[in-house]
Student: 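Take a look at this one; I'll ask things after.
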Amino acid sequence: MMDVFNIALLGFGNIGSGLAEVIERNRSRIDEALGDEICIKYVLDLRDLSDTPYAACAVHDFEIILNDPSVVLVCEMMGGLHPAFDYSMAALKAGKSVITSNKEVVAAEGTALLQTAKDHGVFYLYEAAVGGAVPILHAIRLFLAGTDIRRIDGILNGTTNYILTRMDNCAATFDEALAEAKKQGYAEVNPSADINGLDTCRKLCILIGAAWGQSLQPASVFYEGIDHITTEDHDFAKRCGGILKLAATALQQNDGSLAAAVSPCVVLDENPLQTVADVFNAVRIRAQDTGDLMFYGQGAGRYPTAGALVSDILDVACQRGVQRSWQTFTGKLIRYEDALWDWCLEIDDQKSFAALGLERAVILNRAEGRYDLFVPQISQKELAARLQGCSVLHQMRALN
Ligand code: HSE
């Protein structure tokens with residue numbers, strides 16, 4: 001006879017109701033993997049859920065969940081920092097594991113939540129907070145736990161990738177593409193964090209925490225969004241042999257210092273991230289022993305995110321994987337303008353190319369008084385100094 005594995009859902013919006021639906025649809029498979037019978041005992045929401053099958057287990061008071069010892073796992077899908085953080089903390093302190101899709105909470109408070117989970121011998125897992133269905137945190141927590149990660153590059157926001165792809169392939173306007181992303185349930189309720197790069201930055205900080213055990217606040221990392229991107233920028237990226245994407249990068253130097261940034265990038269032909277289109281996300285990880293690995297999947301949406309939550313439910317129930325604590329980062333975070341990046345540039349040719357002193361630059365195109373250049377491994381500051389006297393028509397970080 002199976003035992004019952006009682007869970008509580010916090011939030012019954014797009015993701016919460018998607019998780020309930022996936023649990024019902026896949027119940028026999030999930031129960032078999034758990035070895036127990038999964039039961040959604042409570043759903044915390046502002047509504048009474050009378051139009052759903054969960055009216056009988058709807059609650060408005062979190063204390064009911066907290067004080068029920070039969071609930072072993074809380075699935076937090078509320079969005080926003082408060083009260084999601086407070087409820088998660090209280091659940092962990094009460095000896096309940098917590099899983100979440102809430103990147104704002106993990107990025108801001110992951111250090112405290114992971115430490116509390118450790119202190120109370122329970123799990124705090126956040127696969128669904130980064131990359132939707134892409135199993136990147138499982139990979140870091142399980143497969144890569146014994147190796148040294150050196151570099152992470154990712155396309156981590158489904159909404160912006162969808163918008164950029166639509167603008168590029170279908171000549172959609174920014175507003176049309178955003179409206180479609182909202183309709184599909186990819187965008188946040190307030191999509192400004194998608195558009196301005198903050199959502200990607202939060203996810204990058206979560207990956208940095210998971211990979212290096214170092215916790216960085218998103219406000220300390222350089223991020224730039226896509227609100228100013230035009231058709232001319234897409235054309236420039238294409239002329240350089242690339243595709244324009246919003247990309248996140250984190251690099252660990254040999255001395256332990258970190259460089260991290262989120263910005264629109266020209267993703268060049270050699271880079272597999274170039275093929276990542278629409279709502280898809282991908283993360284390329286460079287690790288010492290494994291070399292480059294790439295993880296790919298749907299980065300947003302109801303069912304892909306629910307799929308990631310189900311995988312965390314199974315990991316909690318089966319006590320799988322190393323759970324690493326995060327320490328507040330006290331090392332050197334290299335400033336964006338000082339870090340070495342690759343660049344694509346379009347400049348006028350008023351100044352002779354040789355006079356720029358960019359010995360390693362490669363001319364990609366030269367026409368009508370302008371150059372498109374690829375310039376490897378130079379800081380933004382140094383590049384600006386070399387380009388004095390040129391008019392820079394485009395400049396974008398490059399990923400190759
Ligand atoms: N708004 C987010 C995105 C949802 O578009 O990627 C998934 O985190």
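Each ligand, and each atom within it, is numbered from 1 in the order the structure gives. For reference, positions follow the sequence shown, starting with 1.
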Student: So if I count the atoms of ligand 1 from 1 in the order they appear, which ones are less than 4.0 Å from some heavy atom of K203?
Tutor: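 Close to K203: 2 (C), 3 (C), 6 (O), 7 (C), 8 (O).
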Student: How close does the nearest protein non-hydrogen atom get to atom 5 (O) of ligand 1, and which residue and atom is it?
Tutor: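 Looking only at protein heavy atoms, the one closest to atom 5 (O) of ligand 1 is T159 OG1, 2.6 Å.
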Student: If two hydrophobic side chains count as joined below 4.5 Å and joins carry through other members, does F280 share a cluster with I285?
Tutor: no
Student: Test side chain to side chain contact (heavy atoms under 4.5 Å, CB included) on V310 and L19; report intermediate values, then the result.
Tutor: CA-CA 7 Å; V310 168; L19 176 61; 3.7 Å; yes
Student: In plain terms, say whether R29 and D31 are close enough for a salt bridge, that is, a side-chain N and a carboxylate O under 4.0 Å apart.
Tutor: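 No, this pair does not count.
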Student: Using a 4.0 Å cutoff against the non-hydrogen atoms of D194, which atoms of ligand 1 qualify?
Tutor: 1 (N), 2 (C), 3 (C), 5 (O)
Student: Would you tell me whether N281 and Q298 have side-chain atoms, one donor and one acceptor, within less than 3.5 Å of each other?
Tutor: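 The answer is no; no qualifying pair exists.
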Student: Got an N/O contact under 3.5 Å between N281 and ligand 1?
Tutor: no
Student: With respect to atom 3 (C) of ligand 1, which of N157, N14, T160 exhibits the smallest heavy-atom separation?
Tutor: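 It is N157 that holds the nearest heavy atom.
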Student: What residue and atom, counting heavy atoms only, is the protein's closest point to atom 1 (N) of ligand 1, and at what distance?
Tutor: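 Nearest neighbour among protein heavy atoms for atom 1 (N) of ligand 1, to 0.1 Å: E188 OE2, 2.6 Å.
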Student: Check this for me: does any side-chain nitrogen of one of K203 and D199 sit under 4.0 Å from a carboxylate oxygen of the other?
Tutor: yes
Student: Is the distance between the ring centroids of W341 and Y336 under 6.0 Å?
Tutor: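 Centroid distance Y336-W341: below 6.0 Å, so yes.
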Student: Which of the numbered atoms in ligand 1 are under 4.0 angstrom from any heavy atom belonging to A300?
Tutor: 3 (C), 4 (C), 5 (O), 6 (O), 7 (C)
Student: Would you mind listing which atoms of ligand 1 come within a distance below 4.0 Å of any non-hydrogen atom of G158?
Tutor: 3 (C), 5 (O), 6 (O)
Student: Could you list the atoms of ligand 1 found under 4.0 angstrom from a heavy atom of K103?
Tutor: 2 (C), 4 (C), 7 (C), 8 (O)
Student: Any salt bridge between E127 and R141, counting N to O under 4.0 Å?
Tutor: no
Student: Does G299 have a non-hydrogen atom less than 4.0 Å from ligand 1?
Tutor: yes
